[in-house]
Amino acid sequence: MYAIKVELKLNNKERILLRKHTGFSRFVYNYGLALMQGLEKDGIKGGCGKKIKAIKKVLTNHTKKQPSYQWIGGLSSKVYQSSLQALENAIRRWYKGLGDKPRFKRRKDSESFSVYDGNGKVLLKKGKQIKIPTLGTFRLKESLPCCYVTQTFTISHRAGKWFVSFAVDADKIPPTYQPEEKVGIDLGVKCFATFSDGTSVESPKPMKKAKTKLAKLQWRNRKKQIGNRRKGIKQSNKAKKYFDSLARKHWRVANQRQDFLHKLTTDISRKYYQIRIEDLNVSGMLANRKLSAAISDLGFYEFRRQLIYKSQMYGTKVELVDRWYPSSKLCCMCGTKHDALKLSDRIYKCINSSCVAHTITLDRDINAALNLLNAPSGVCTVGSIGTNARGQVAADCLG
Ligand SMILES: [Zn+2]
């Protein structure tokens, strides 16, 4: 199963309709959350599902009939079903310790809502139009390449653009690997990825350039007021324009990074069968202030996530090498550990005088990549989506 996300081509009327629905979705979520908090405050017992059901009844039988809530009448009722479902999921995640306590949604947060067909799955025809249940037919920027069968549609809005996404039940792409091909990949700040075969990939230059430009722009506009209702500060037209354009620019950088990572992980998944990477302690690295900006920008975590989920499509095997395995300190020729190696040392020279690597110097990253490739299987775990999604980060934070 995978998801498809396409951009919608909207006219003003359609844009207003979708805006109304995002507002409706936010209203239902916040309304439900407020009632849930009230129930909790009064000490009313009962399961989360039961309470949500009761809230649904209040909304349908009472609130919707109030004259001040007339505006709900013309909107898709599926929105509030899925909005309350989202609230229920958020509360359940919070109870389990998987997520933060649900908060009220704000207008400036990312906007999205879901609708579905009450009768089950629907067939989407290929072409430049999409029929979204309960909302109508919309035009698309790019046409759908084939027919799809799906049920739930999520409409989202970001930096002035509207998207629709839906999940598709599809078969896995047959594996295209050479069964013997193995690779070890070392991730780094200086060079994004270094492969054990000696090649390396740098993060794209345009992205770096765009980021510098963005930083300058933000510095020049650091005094602009986004507005604050509590302090009675109004947002100026210029500020609004600036923050809109800022959002678009941030998004552009994010897209460039995402594009780079997707191309890279697809290439790797096609070329190699056994892929070994370091099981990075991402939150630990983020705690190091010097490294944190570089790492959160580079998207190591996203790189690993993509490799793991693509492993199902391409039939590859992604192995995570234990984070305590000293891959950068060992000599890839003789296995001697070089404890005095500093982070700033870019080359590796073996300290064992009888080793070949004592007389020649190795690139530090290639040495590390080779060590990851040849690491004993005892320190490797097969990466799976379940253990390496948010749960792992949560575990990292606790540990
Ligand atoms: Zn050596």
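All values derive from a computational prediction rather than experimental measurement. Atoms within a ligand are numbered from 1 in the order they appear, just like the ligands themselves.
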### Message
In this structure, is the centre-to-centre distance between the rings of F113 and W162 below 6.0 Å?
### Response
no
### Query
Does the ring center of Y29 lie less than 6.0 Å from the ring center of F104?
no
### Message
If we count only N and O atoms by modelled type, under 3.5 Å, do the side chains of S311 and T316 hold a donor and an acceptor together?
### Response
no
### Task
Please list, in chain and residue-number order, the protein N/O/S atoms closer than 2.8 Å to the Zn ion (ligand 1).
C331 SG, C334 SG, C350 SG, C355 SG
#### Entry: side-chain contact (heavy atoms from CB on, under 4.5 Å) partners of T63, counting only residues at least two apart
Y31, V58, L59, Y69
### Query
Is the backbone of L373 close enough, under 3.5 Å, to the side chain of R276 for a donor and an acceptor to pair up by distance?
yes
### Query
Does W219 have R222 sitting over its ring (NZ/CZ under 6.0 Å from centre, angle to axis within 45°)?
yes
